[in-house]
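Everything on this sheet refers to the single structure shown next.
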Amino acid sequence: MTKLPRWADVVLVPLICLIIAFAFSAILIAAIGQSPAHAIWIMIDGSLGSTYGLGYTLYFATNFIFTGLAVSIAFQASLFNIGGEGQATLGGLGTALACLLIPWPHWSLALMASILASAAFGAAWALLPAWLQARRGSHIVITTMMFNFIAYALMNYVLVNILRPQGSMDPATARFPVTVNLPKLGDILGVVGIPFSSKNPANISFLIAIALAFAVWVLLWHTRLGYALRAFGKQEKAAIYAGIDPVRITIYALLLSGGISGLMAINAVQGAAHRLVLNSVEGAGFIGIAVALMGRNHPFGIVLASLLFGFLYQGGTQLALGTTIPREVITVLQALVILFTGALPYMVQRPLEALFARLARKEAA
Amino acid sequence: MELASFLQILDSTVRLATPLLFACIAGLYSERSGVFDIGLEGKMLVAAFAAASASYATGNVWIGTAAGIGAALLFAAIHGLASITFRGNQLISGVAINFLASGLTVVLGSTWFKLGGQTPALTDGARFADITLPFARPATESLSGVGFVSGFYSHVISGHSILVYVALLLVPATWWLLYRTRFGLRLRAVGENPAAVDTAGVSVVALRYSAVAITGLLCGLAGAYMSMGLSAGFLREMTAGRGYIALAALIFAKWRPWYALAACMLFGLLDAVAIRFQNIDIGLLVIPVQFTQALPYILTVIILAGFVGKAIPPRAGGEPYVKER
Amino acid sequence: MAQATTGGRQATAAPLSPYAIELKGISKSFGPVRANRDINIAVPRGTIHGIIGENGAGKSTLMSILYGFYRADAGTILINGHETAIPDSQSAIRAGIGMVFQHFKLVQNFTVLENVILGAEDGALLNTSLARARKVLGELSREYDLDVDPDALVEDLSVGHQQRVEILKALYRQADILILDEPTGVLTPEEADHLFRILQGLKDQGKTVILITHKLREIMAVTDNVSVMRRGTMVGTVKTSQTSPEALAELMVGRKVLLEVEKKPAAPGRLVLDVRDLRVKDDAGVERLKGISLSIRAGEILGIAGVAGNGQSELLEALGGIADATGHVVMNGVELPLAGRRNNGQTRRAAGISHVPEDRQSLGLIMDFTAWENIGFGYHNAPEYQRNALLMNNAALRADTERKMATFDVRPPIPTLAAKSFSGGNQQKIVVAREIERNPDLLLVGQPTRGVDIGAIEFIHKQILGLRDAGKAILLVSVELDEIMGLADRILVMFDGRIMGERDPEKTNERELGLLMAGITETKGA
Amino acid sequence: YDLGGKNDKSFNEAAFNGAERWAKETGGTYKELEMQNEAQREQALRQLAEAGANPIVMTGFAFGDTLNAVAPDYPDTKFAIIDMVVDQPNVKSVVFTEDQGSYLVGLMAGMASKTGTVGFVGGMDIPLIRRFGCGYAQGVLAANPNAKVVLNMTGTDPSAWNNPVKGAEIAKSQQAQGADVIYAAAGGTGVGVLQAAADMGILSIGVDSNQNYLHPGQVLTSMMKRVDNAVYEAFKEGTDLKAGINVMDLAAGGVDYALDENNAPLVTPEMKAAVEEAKAKIISGEIKVHDYMSDNTCPAATF
Ligand SMILES: Nc1ncnc2c1ncn2[C@@H]1O[C@H](COP(=O)(O)OP(=O)(O)OP(=O)(O)O)[C@@H](O)[C@H]1O
Ligand SMILES: Nc1ncnc2c1ncn2[C@@H]1O[C@H](COP(=O)(O)OP(=O)(O)OP(=O)(O)O)[C@@H](O)[C@H]1O
Ligand SMILES: [Mg+2]
Ligand SMILES: [Mg+2]
């Protein structure tokens, strides 16, 4: 059997998978008595058709880039951190404290502080599971899952009993001072003359996320720590032979992972909501798992997968706004996209390989 | 603590543990065969939905159960196709199944019943009735003045729906199947070293599919119990993360049936205790309700760190079986 | 699964053909790699047939096709003269074929009995199967002198015993044709001899045996015929009695090979390593190393002989900083930490110790990493691979890899290829290149030529001797007595975690060493 | 126009019903949206505003903050928000006195209870739910000063509002502690509470909408929060929507207890008399129901 050309593997296969996923969703939409073509057009137009919609797409994508990178960095060390939800929740707390406690004169200072605080809080929330995994062999999947629940409870307590402004009905912090609001993507692009809507939550965090993806790539493939981390993830025994300390690597990997999860808060909390609400993460921690897996744990792939999910999220919102199709259709579509592009590429690869082989033979003849 | 509350907590434990137990044993089959399954939640959810829908439509709890099992089997087939036949990533496939169930149940539910993804409440014939075992006092009878043994029998052992007993019987049955039968031997082998099974002349694919099918079946029962035993109808996301907890219990149990029973009972107990004791007032300060609610999770971490050693999963788990390339 | 079309065992009734197996025009490709090209081979019934060839020549592939593990792209298989389709292992078993793979196909946490009955159970319940298997196993053990505890867990067995389980598995399925892929690679001379006696016994019963090995001595000793493969093709089949090791070696490699290494006399210098009372406990708390004392000087090779599992691995691991130990290890006059944070591979390397581990695939290499990443493995903190305080210098590492691949003749010389894509011999060359080129004061080397073809063995031996002659100290652990006797300047024999005695390679012989390895000191008897 | 997670059989469904009523009566059309997450709130509001929808009604305190930011951008559009006060010139804020409604049903619970113990199941421990619980407890104690109120919250994670199984389990636990009337303010979880109470043969109290019909003869009453009225009013006022705070209290018919054929047999004449009396006294100011939100304390219960 001949192998597929690289371009086909990288572009064609995922594209066909996507088309299949959309086709199935179209069938579902038709089955509930709606027009699939109209639905898809609304999704595409609503999420990519204007800089306004695009801004939302990018805003959601930003969240997923953070959580996806977080999952993947732990995955590279062969650790399945499903605690992104809790770590990002704590990151939100860090950001909120940084923004509320100190009257920052300028957003850039506040951003520095909240980057540090959110990463530190997220990492701290990963520390105990990390230590337990490294030292006691407690399964990371269980501990991080438990820490998600504990984070919800903690946040509930903190917001209801401590940070909620007097007399407010809403279990949320007060609004952050305007001075800490991050510049919108539209405003930034406006400076360089690119017209881009500011009426959406896309903000400077998107650029930070992209930079972070690049930084993660450098970390993994161009630093000693990244090298050790990947080696440990591939073959733990061999890593010990090489003198890589398994305890330390486990802890570093999870601290990095937790920290990056925590950073999501600068987008969702400081960048968009401008206050900390009860469920500020809204499942992005879990989407991060899907994004990391679909992006093959590579920062570049994760950015692409995040954009795809951002598109699905925003397209889904538009669908809900513009039609009477239940918004859960989007959940189904997401599921199918994950299923076909993530778990079933082989289904597409094999016939394609046969096709390419036939073409090659014809050409030869 | 007085006896009555103690018994009530145990009673509650049994009910809360049952769906976990079904799902946990379900996962055990799949993972023992080398197919990781984080899609337990999704299969339970879709089964709960299908069961409630069919039961509502027919008024027959058994048709509902069959529908629940059928739906879960269908999802299991998707997982099998992705992770066995097409050698896809088992984690991704599991995640996809959870999303699929979460979306599909609501889309279909709101289309069929126009109740925002909820099924109408089930009437008596369409639900599982509680069974009173021989010699047991009826569950409605007051707990006061009852001796421990008779109270335990009447209120904790007796008075549950049939599926509770099925779940409990599942534990020895699974143990027996796993360690005393040919199927069990092959199942355990294929999760440890599929090449050994293959070269011994046994089909890896067939074994894994049957394991995944059993997983589907049991998830179907879990879902049916949730929507027709514990509640009277389906509600969106009603599984509320129990599939994940079951997975945690499975790891906790080191993939063994008796340990699985213990782990699920423990989770059930912690949950029941948290329900019973909310605000604990210890004189000077009131322990906030959030703390009690987080307590099961905190205790899980402590128990895990303190008493449970390293859990070694089936060695071939998570990897598709590929001979060539 | 499809049924074998004309399979079955009808041939046992009326043998039509003198050949147990005939393979005609077998071809098989893995992607671009053509592992087998139009292979023809005929194996007469009741003989032991050897197959030799360099690493990656396609021997294992051919046998896997015969056993239904892989499917051939083209060609036919004849069993006892009948054309037989073997689409899966079940058909092969039905056709009377049993195979012992190079990498055993055993379930590690099953008992011997469970492994034996797997796939050959009598009914849906295990009880009857287990009882019958226990009985049959007893008979087989007696008949062929294949003694193993049926209730032992496979993971607790030595490799030699694991292999016996594999053979028992085949015999339990009443195989008439037994294929063994590199069975002696992991065996001690004792165990190998035992195996050959078993094979001889099988042959006497009229069974047919196919034996793949890299060791020409074994081919000469036990086979009737031998086929030689080179790069996916069959070069030829000869009667063993009509050939010689040299002729076979030349046929295999396509050039003349030196089977004996030439060695200059040693010139031991200063004391490099001094070990006193070294003790190691395993995870279960069992003492595996029970007080080892030894020393190595610059410019000498200290060989450690012994049956696998007598503490050699622990010795290497303790010295290499992988396992914790107690006692004293003084390297170049400096005492090394034996436990704690600073007892690791990094500090050892800093102290001038390099380590070629026994198991290259699980310890020495990251199989998914590229060759260049593997060249940096363990030395990823080395200053020459860093661009600055933050970043590694991957380009430098790649250039270094290209150089090392050239000097060590790693084939193919592509630094970006994943380690798993190299054959075993070339994987070993990568590890050896990495460790030797660091120019260490002390080289720890375990089983340097296990499963490596003779061309590569020759090369690796030359490198080790070269390092010695450059005045470095070398600790060589091997179960190959040939190798130890050919390379070492002094030989220590280990048994049960202790040193049984020291011998001079010039003044000892395999018999004497063999006895020491079995824990018997001749001085006691004398 | 806008909703959030309808068909929960209580809060949002009430809003939907209000909108439907208006649509039927006037033949007008409205658009409805459901929220999936925080960022969409603003998006939805802006899009509705830009599409010319007027007025825009939103339910739930979670919109408050978003509306505060959005409303000034659309000065010509009228907004109505339920359950939250937003101080903008084009916003009408509708708040309900859940404490008063809960007081009434608490009073009934206290009277209906034979054991002297009643239960309360909240979804999540947030201020709004405490307000329900606190009013309820005051009502119970007013009926029976020796009564015990068992308070439970379902959980802290997002599934707390959608966990009927746990709701049922809590109900059983409360029953075992002697409760024979249970008030559920827990969204979807409440469905499980009501079901379990019916199964055990004890009484339950619904919330927000009239939930009496769910288990006829077994739901004592429902604390009705007339969100439907509020939505209906808002739509009816249309573009003339009056900005400012609109407190929908007992007097204004904003909250009430439900009495229909499903629970008629359960409500004794004395009960009815007592409740009506209390209602009148609250309206007249004779009885002051303490609002938890006013000072974050509750005289009748600890949270
Ligand atoms: N599973 C596989 N996937 C891809 N290629 C393979 C696989 N197995 C073998 N090959 C290819 O087939 C060739 C022959 O391999 P094979 O294992 O048969 O060699 P061999 O003669 O047994 O070598 P050795 O003496 O080292 O055991 C190899 O060079 C390799 O490229
Ligand atoms: N996953 C794989 N992808 C590509 N090639 C592979 C893979 N696995 C094995 N091979 C090929 O198989 C060949 C032989 O592998 P094998 O493990 O049999 O090595 P070997 O030469 O037989 O060494 P040893 O005898 O020590 O096992 C290698 O040359 C390699 O190219
Ligand atoms: Mg080999
Ligand atoms: Mg081979």
Side-chain angles (χ1 to χ4, degrees), chain A residues 1 3 28-29 31-33 80 82 128-129 131-132 135-139 141-143 145-158 160-161 286-287 289-290 293-294 296 325-350, chain B residues 38 42 78-79 81-83 85-111 116-117 236 241 244-245 247-249 251-252 288-301 304-306 308-311 313 320 324-325:
Chain A
M1 210 183 296
K3 282 210 81 138
L28 178 69
I29 293 173
I32 59 171
F80 190 15
I82 60 170
L128 196 59
W131 186 85
L132 290 173
R135 282 279 171 207
R136 310 276 328 176
S138 307
H139 207 293
V141 169
I142 311 185
T143 46
M145 186 193 299
M146 296 301 140
F147 267 71
N148 283 345
F149 290 113
I150 300 172
Y152 291 136
L154 178 69
M155 198 51 60
N156 190 290
Y157 179 77
V158 168
V160 171
N161 296 310
F286 290 119
I287 300 272
I289 297 172
L293 290 168
M294 281 183 59
R296 305 280 140 91
I325 298 173
R327 64 175 185 207
E328 282 78 11
V329 164
I330 288 306
T331 315
V332 175
L333 177 56
Q334 283 169 5
L336 293 171
V337 168
I338 297 172
L339 186 69
F340 284 101
T341 60
L344 287 171
Y346 195 65
M347 188 174 84
V348 174
Q349 256 161 24
R350 261 209 298 212
Chain B
I38 55 173
I78 295 174
H79 188 50
L81 203 66
S83 51
T85 304
F86 290 113
R87 302 170 188 173
N89 184 310
Q90 299 171 5
L91 291 177
I92 303 187
S93 165
V95 169
I97 278 176
N98 290 339
F99 273 81
L100 195 59
S102 151
L104 210 54
T105 49
V106 179
V107 172
L108 293 180
S110 37
T111 311
R236 63 165 69 191
Y244 297 105
I245 298 287
L247 206 59
I251 299 171
F252 218 56
V289 55
Q290 289 88 353
F291 181 78
T292 351
Q293 282 168 340
L295 202 56
Y297 311 115
I298 296 172
L299 283 176
T300 302
V301 173
L304 196 64
V308 184
K310 205 170 172 142
E324 301 183 15
R325 170 208 293 266

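Reminder, nothing fancy here: chain letters follow the sequence lines and each chain counts from 1. Not measured: the values here are computed from a predicted model.
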Do you know which of V332(A), V337(A), N161(A), L154(A) has the most heavy-atom pairs with chain B at a distance under 4.5 angstrom?
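Top option by heavy-atom pairs under 4.5 Å: V332(A).
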Relative to chain B, which of P345(A), A343(A), G33(A) shows the most heavy atom pairs under 4.5 Å?
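Counting heavy-atom pairs under 4.5 Å, the top option is A343(A).
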Compare all side-chain heavy atoms of [X] with those of [Y] and state whether any distance is below 4.5 angstrom.
X: M155(A); Y: Q290(B); answer: no
X: F99(B); Y: I287(A); answer: yes
X: T85(B); Y: Y346(A); answer: no
X: T143(A); Y: Y297(B); answer: no
X: L104(B); Y: L28(A); answer: yes

Under a 4.5 Å heavy-atom cut-off, does chain B meet the side chain of [X], its backbone, both or neither?
X: N148(A); value: neither
X: Y152(A); value: neither
X: F80(A); value: side chain
X: L132(A); value: side chain

Nearest-0.5 Å distance, [atom1] of residue [X] to [atom2] of residue [Y]:
X: T331(A); Y: L100(B); atom1: OG1; atom2: CG; answer: 10.0 Å
X: I32(A); Y: L108(B); atom1: CD1; atom2: CG; answer: 8.0 Å
X: M347(A); Y: R87(B); atom1: CE; atom2: CZ; answer: 14.5 Å

Looking at [options], which has the largest count of heavy-atom pairs under 4.5 Å with chain A?
options: A305(B), S110(B), A101(B); result: A305(B)
options: G241(B), G88(B), G103(B), P296(B); result: G103(B)
options: I251(B), V95(B), N89(B); result: I251(B)

For [X] and [Y], which heavy atoms make the closest approach, and how far apart are they?
X: V329(A); Y: V107(B); result: N-CG2, 3.4 Å
X: I338(A); Y: A96(B); result: CG2-CB, 3.8 Å
X: F252(B); Y: I142(A); result: N-CD1, 3.9 Å

Using heavy-atom distances under 4.5 Å, tell me whether [X] contacts chain A through its side chain, its backbone, both, or neither.
X: F291(B); result: neither
X: I78(B); result: side chain
X: S93(B); result: both

Please report the C-alpha distance between I245(B) and M146(A) in whole Å, then the side-chain angles of each, then the deciding distance to 0.1 Å, and finally whether the side chain to side chain contact (heavy atoms under 4.5 Å, CB included) criterion is met.
CA-CA 9 Å; I245(B) 298 287; M146(A) 296 301 140; 4.1 Å; yes
Let me know which of L293(A), I289(A), T341(A) forms a side-chain contact (heavy atoms from CB on, under 4.5 Å) with I92(B).
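Going through the options one by one, the only one that passes is L293(A).
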Applying side chain to side chain donor-acceptor pair (under 3.5 Å), can you list everything that pairs with Y244(B), at least two apart in sequence or on another chain?
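Partners of Y244(B) by the side chain to side chain donor-acceptor pair (under 3.5 Å) criterion, ordered by chain and then number, come out as N98(B).
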Go through the structure and list residues passing side chain to side chain donor-acceptor pair (under 3.5 Å) with T111(B), not counting sequence neighbours.
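Checked T111(B) against side chain to side chain donor-acceptor pair (under 3.5 Å); zero matches.
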